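Below is one structure; the comments refer to it alone.
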Amino acid sequence: MAGVGLRAAARRWLPCPGHGRPRATSSSPSCPGCGPPGPSAHCPGAPRSAPALAPAGGSELSAHLWARYQDMRRLVHDLLPPEVCSLLNPAAIYANNEISLHDVEVYGFDYDYTLAQYADSLHPEIFNAARDILIEHYKYPEGIRKYDYNPSFAIRGLHYDIQKSLLMKIDAFHYVQLGTAYRGLQPVPDEEVIDLYGGTQHIPLYQMSDFYGKCPRQIWSPGSSELGLVGLERRLKQCPPPQGPSIKQFMDIFSLPEMALLSCVVDHFLGHGLEFDQAHLYKDVTDAIRDVHVKGLMYQWIERDMEKYILRGDETFAVLSRLVDHGKQLFLITNSPFSFVDKGMRHMVGPDWRQLFDVVIVQADKPSFFTDPRKPFRKLDEKGSLQWDRITSLEKGKIYRQGNLFDFLRLTEWRGPRVLYFGDHLYSDLADLMLRHGWRTGAIIPELEREIRIINTEQYMHSLTWQQALTGLLERMQTYQDAESRQVLASWVKERQELRCITKALFNAQFGSIFRTFHNPTYFSRRLVRFSDLYMASLSCLLNYRVDFTFYPRRTPLQHEAPLWMDQLCTGCMKTPFLSDMAHIR
C-alpha cells in the first residue's frame with residue numbers, strides 16, 4: 001500500500017535536529033524537527049538534553065536555512081514512491097457522515113443531472129439560445145453575437161457581486177480567493193478587489209445571498225427590457241437600485257452557461273465603453289437563461305437526440321432495477337415536466353419505467369416543495385392532462401404534479417434516516433431535507449470524476465506535497481529574523497505562492513478547483529459537507545457497493561490533533577516552534 005510506504009518512509013528518515021542531513025529514526029528518540037530538540041507533550045520519551053546552538057547569523061545562518069530546504073526536498077522525494085499516485089477512485093462514493101445502506105428502506109431521486117446525466121455539449125446550446133434572446137428580444141447590441149461558449153472559463157460554486165459585476169470564488173470563511181476575481185472576461189487586480197471591499201478580502205454575511213444561493217426577489221422591480229440610455233433612465237425611475245444582499249451563488253450545473261454569458265455581455269459593454277446598469281444587466285441575462293428552460297428549448301434539444309445528450313442511461317437502469325430487486329421503495333421528485341421526464345426515462349429504462357417507482361412527482365417547484373405546505377398535489381392522466389380530484393393517497397404508477405413535502409410525508413409515512421434522497425443541487429435538492437426533516441442525502445457532483453483524475457497525477461501530488469512541506473518549513477523557520485534570513489524566507493514565500501498558482505491552474509486556469517481555494521475549503525465545499533451524507537460523480541457509483549454497505553467517513557485531523565499531514569511529518573511533531581526557539585522573542 002502506498003499509504004504504508006509513506007508512513008514507513010516517514011519513520012525511516014526524518015531531518016536530524018541541528019544538522020543538514022537526514023538520519024535514521026532509530027539513532028535517537030528525541031523529537032524530530034528543524035530546530036533544536038527539546039521535551040514535548042507529543043513525544044514524552046524525548047530526553048531533556050540541552051538545546052543545540054543555532055548558527056550565529058549572517059551568511060552562516062542563511063546557509064543553515066538553505067541546508068534545511070535541501071533536506072526537505074530530498075525527504076519529500078523519498079516520501080513519494082511511484083505507487084502513491086492514483087490512490088483515489090473516481091467511481092467511489094465519499095462519505096461526509098457515517099451511513100449504512102442496510103438501514104435505508106426508501107430511495108428518492110431528482111431527475112436532471114441525477115437520474116439523467118447530460119453531456120457537456122448541451123451547454124453551448126443553452127449559451128447560444130440565451131445570447132440570441134438577449135439580442136432579439138431584449139435588444140442588446142448585435143456585437144454580443146460574436147461570443148461563443150468557453151467551457152473552460154467558469155466552474156460551479158462561484159459567486160457574482162451584482163453591483164460590482166464581479167465573478168469570484170469565495171472560501172468557507174467568506175474570503176475572496178485572490179487571483180480568482182473577474183469582471184467580464186478580464187481578471188481584476190488583487191489590490192482593486194481588496195479596495196472594492198473596504199480594504200479586506202472578506203465578504204460580510206449580510207452581503208451574501210439567501211439560504212438558497214439566490215438574491216432576495218424583493219430587490220427586483222419589474223421594468224423595461226431596453227438597455228439604451230433612455231431605457232436605463234426610465235428603469236432607474238421605476239426600480240431603485242437593489243438594497244441588501246446582492247451576491248448570488250451559482251450552484252447547479254446549468255449555471256455554467258449562465259456565468260459564461262454574463263461574463264461575455266459585461267466584457268462587451270466594458271470593451272466598447274458602453275454605460276450599463278449592473279443590476280438590470282444581470283437580471284436580463286438571468287431571465288434569458290430562464291427563458292431557455294421555460295420555453296422548453298432545452299427539452300426539445302434533448303428529446304430530438306437523446307443518444308447525444310443523455311449519458312449512462314443503462315447504468316441508471318441497472319441502479320434502479322438493483323434497488324427494486326432488493327425490496328427498496330423508490331420515488332422521484334423533479335421540477336421537470338412529465339412529457340420530458342417520460343421520454344427520457346423510456347430512453348434509459350424502457351416503457352415500463354413507472355413500475356419501478358412507488359411515487360412520481362413532476363413540476364414540484366423545488367425548493368418551495370420542501371417548505372411551503374399550501375400547494376396541493378394534482379394527478380395527471382395518461383395524456384398528461386391535469387385532474388382536479390382531491391388526493392388522499394399517492395398510488396404507484398400514477399403521476400402527480402406540484403404538492404408539498406408535508407403532505408408527502410403524511411401520505412407515505414416515509415420519514416427520517418430510513419429515506420435517502422439524491423440530487424445535484426445542494427440547496428434546492430438537499431439542504432431542507434437534511435436540516436428540517438432528517439433524511440439522509442446524496443449529492444451528485446459530476447465534476448468530481450475529473451478533479452480526482454487530476455489529483456491522481458504525479459504533477460499534482462508532487463506539487464501539493466512540496467507545497468505543504470515548504471509551508472511547514474516557513475512556519476518553523478520564521479523565528480530567524482536577521483536581514484539575510486528574511487531574504488531566504490521571502491524567496492520561500494514567493495516559491496510557495498507560485499506552487500499554489502500552479503496547483504490551482506491544473507483544475508481551471510481562472511478559478512481552480514470547485515472544492516478548494518488555495519488551502520481552505522470553498523464556500524461550495526463547506527455546504528457540500530453540511531448538506532450531504534454522501535457524494536459521488538454519478539448515480540452509477542452505487543453499482544460498486546452492496547446494498548447493505550456501510551460508509552465510514554475518514555477521520556481527518558483537526559488542527560490540534562495528531563500530526564498526520566506532510567508539513568508536520570517533515571518539520572516535527574509540533575506545529576508551533578519549540579519554546580527554546582521562541583525564547584529570544586519573549
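Remember, predicted model here, so these are calculated numbers, not experimental data.
Counting only distance, with no hydrogens or angles, the side chain of Asp432 and the backbone of Arg436 share no donor-acceptor pair below 3.5 Å. Judged purely by atom type and a 3.5 angstrom limit, Asp190 uses its side chain to pair as donor or acceptor with the backbone of Gly179. Side chain of Lys248 to backbone of Ile162: no donor-acceptor contact under 3.5 angstrom is found. Checked by atom type and distance alone, the side chain of Arg346 never pairs as donor or acceptor with a backbone atom of Trp353 at under 3.5 Å. At least one donor-acceptor pair closer than 3.5 Å links the side chain of Asp277 to the backbone N or O of His280. Of the possible polar contacts, one joining the Gln249 side chain to the Gly157 backbone as a donor-acceptor pair under 3.5 Å is found. The main-chain N or O of Ile514 is found under 3.5 Å from a side-chain atom of Glu451 such that the two form a donor-acceptor pair. In this structure, Gln201 contributes its side chain and Val176 its backbone to a donor-acceptor pair below 3.5 Å. Of the possible donor and acceptor atoms, one in the side chain of Asn96 sits under 3.5 Å from a partner among the backbone N and O of Leu528. Between the side chain of Asp171 and the backbone N or O of Pro521 there is no donor-acceptor pair closer than 3.5 Å.
Closest heavy-atom contact between Leu88 and Ile452: CB-CG2, 3.6 Å. The two residues Tyr160 and Ser165 have their closest heavy-atom pair at OH-CA, 3.2 Å. Nearest approach of Ala537 to Gln117, heavy atoms of both residues: O-NE2, 3.5 Å. Of all heavy-atom pairs between Val193 and Ala181, the closest is CG2-CB, 3.6 Å. Minimum interatomic distance between Ala364 and Ile333 (heavy atoms only, all atoms of both residues): CB-CG2, 3.7 Å. Between Thr522 and Ser513, the shortest heavy-atom distance links the atoms CG2-O, 4.1 Å.
In summary, of the residues considered (Leu320, Leu115, Ile361), a side chain to side chain contact (heavy atoms under 4.5 Å, CB included) with Leu332 occurs for Leu115 alone. For the side chain to side chain contact (heavy atoms under 4.5 Å, CB included) with Arg440, the lone residue among Leu430, Leu433, Asn97, Val106 that qualifies is Asn97. With His159 as the partner, the ring-ring contact (aromatic ring centres under 6.0 Å, His included) test is satisfied by one option alone out of Tyr523, Phe250, Phe524: Tyr523.
Ring geometry for Tyr149 against Phe127 counts as tilted: the plane angle lies between 30° and 60°, on a 0 to 90° scale. Between His202 and His174, the ring-plane angle classifies as parallel under the 30° and 60° cut-offs. Note: Tyr140 and Phe269 have perpendicular aromatic rings, judged against thresholds of 30 and 60 degrees for the angle between ring planes.
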Working for side chain to side chain contact (heavy atoms under 4.5 Å, CB included), residues Phe153 and Leu167: CA-CA 11 Å; Phe153 177 67; Leu167 185 67; 3.9 Å; yes

Met536 vs Ile444, side chain to side chain contact (heavy atoms under 4.5 Å, CB included): CA-CA, chis, key distance, verdict: CA-CA 5 Å; Met536 64 208 75; Ile444 305 299; 3.8 Å; yes

Derivation and outcome, ring pair (Phe, Tyr, Trp, His ring centres under 6.0 Å), residues Tyr460 and Phe507: CA-CA 10 Å; Tyr460 173 86; Phe507 297 95; 5.6 Å; yes

Step-by-step side-chain hydrogen bond (donor to acceptor under 3.5 Å, both in side chains) determination, Lys375 to Ser368: CA-CA 9 Å; Lys375 297 180 180 179; Ser368 65; 3.3 Å; yes

Derivation of the side chain to side chain contact (heavy atoms under 4.5 Å, CB included) call for Tyr299 and Ser336: CA-CA 9 Å; Tyr299 303 142; Ser336 293; 4.0 Å; yes

Derivation of the side chain to side chain contact (heavy atoms under 4.5 Å, CB included) call for Phe109 and Leu539: CA-CA 10 Å; Phe109 306 92; Leu539 205 61; 3.7 Å; yes

Derivation and outcome, side-chain hydrogen bond (donor to acceptor under 3.5 Å, both in side chains), residues Tyr197 and Asp161: CA-CA 11 Å; Tyr197 292 102; Asp161 190 321; 2.6 Å; yes

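Here Glu258 does not pair with Arg290 in a salt bridge; the nearest charged N to carboxylate O distance is not below 4.0 Å. One finds a salt bridge joining Glu382 and Arg354 here, because a Lys/Arg side-chain nitrogen approaches an Asp/Glu carboxylate oxygen to under 4.0 Å. Here Arg312 pairs with Glu315 in a salt bridge; the nearest charged N to carboxylate O distance falls below 4.0 Å.
Inter-residue side-chain proximity for Pro446 and Arg156 is flagged as met; some heavy-atom pair is nearer than 4.5 Å. Proximity of Val360 to Phe338: side-chain heavy atoms (C-beta onward) are nowhere separated by under 4.5 Å. Within the 4.5 Å cutoff, no side-chain heavy atoms of Ile155 are placed close to those of Gln510. The side-chain heavy atoms of Phe317 and Met348, taken from C-beta on, include no pair separated by under 4.5 Å. In this structure the side chain of Trp439 reaches within 4.5 angstrom of the side chain of Leu405, judged on heavy atoms. Two residues are said to be in side-chain contact when any heavy atoms from C-beta on lie closer than 4.5 Å; Lys169 and Lys504 fail this criterion. Between Asn404 and Arg410 there is no side-chain heavy-atom pair separated by less than 4.5 Å. By the 4.5 Å heavy-atom criterion applied to side chains, Tyr118 and Ile253 are not counted as neighbours.
Taking the ring centroids of Tyr113 and Phe254, they lie under the 6.0 Å cut-off. The aromatic ring centres of Phe408 and Trp414 sit less than 6.0 Å apart. Here the two rings, on His425 and Phe531, have centers that are 6.0 Å apart or farther.
Note: Asp424 CG to Met251 CE = 9.5 Å, rounded to the nearest 0.5 Å. The distance from the OG1 atom of Thr286 to the CG atom of Asp291 is 11.0 Å, given to the nearest 0.5 Å. One distance of note links CE of Met306 with CG of Leu311; it measures 13.0 Å at 0.5 Å rounding. Between atom CG of residue Asp110 and atom CG of residue Asn335 there is a gap of 7.0 Å, rounded to the nearest 0.5 Å. The CG atom of Leu394 lies 7.0 Å from the OG1 atom of Thr412; values are rounded to the nearest 0.5 Å. Atom-to-atom distance recorded for Thr392:OG1 and Asp407:CG is 11.5 Å, nearest 0.5 angstrom.
Heavy-atom contacts from other residues, nucleotides or ligands closer than 6.0 Å to NZ of Lys398 number 12 or fewer.
Tyr309 does not carry Arg304 over the face of its six-membered ring by the limits of under 6.0 Å from the centre and within 45° of the normal.
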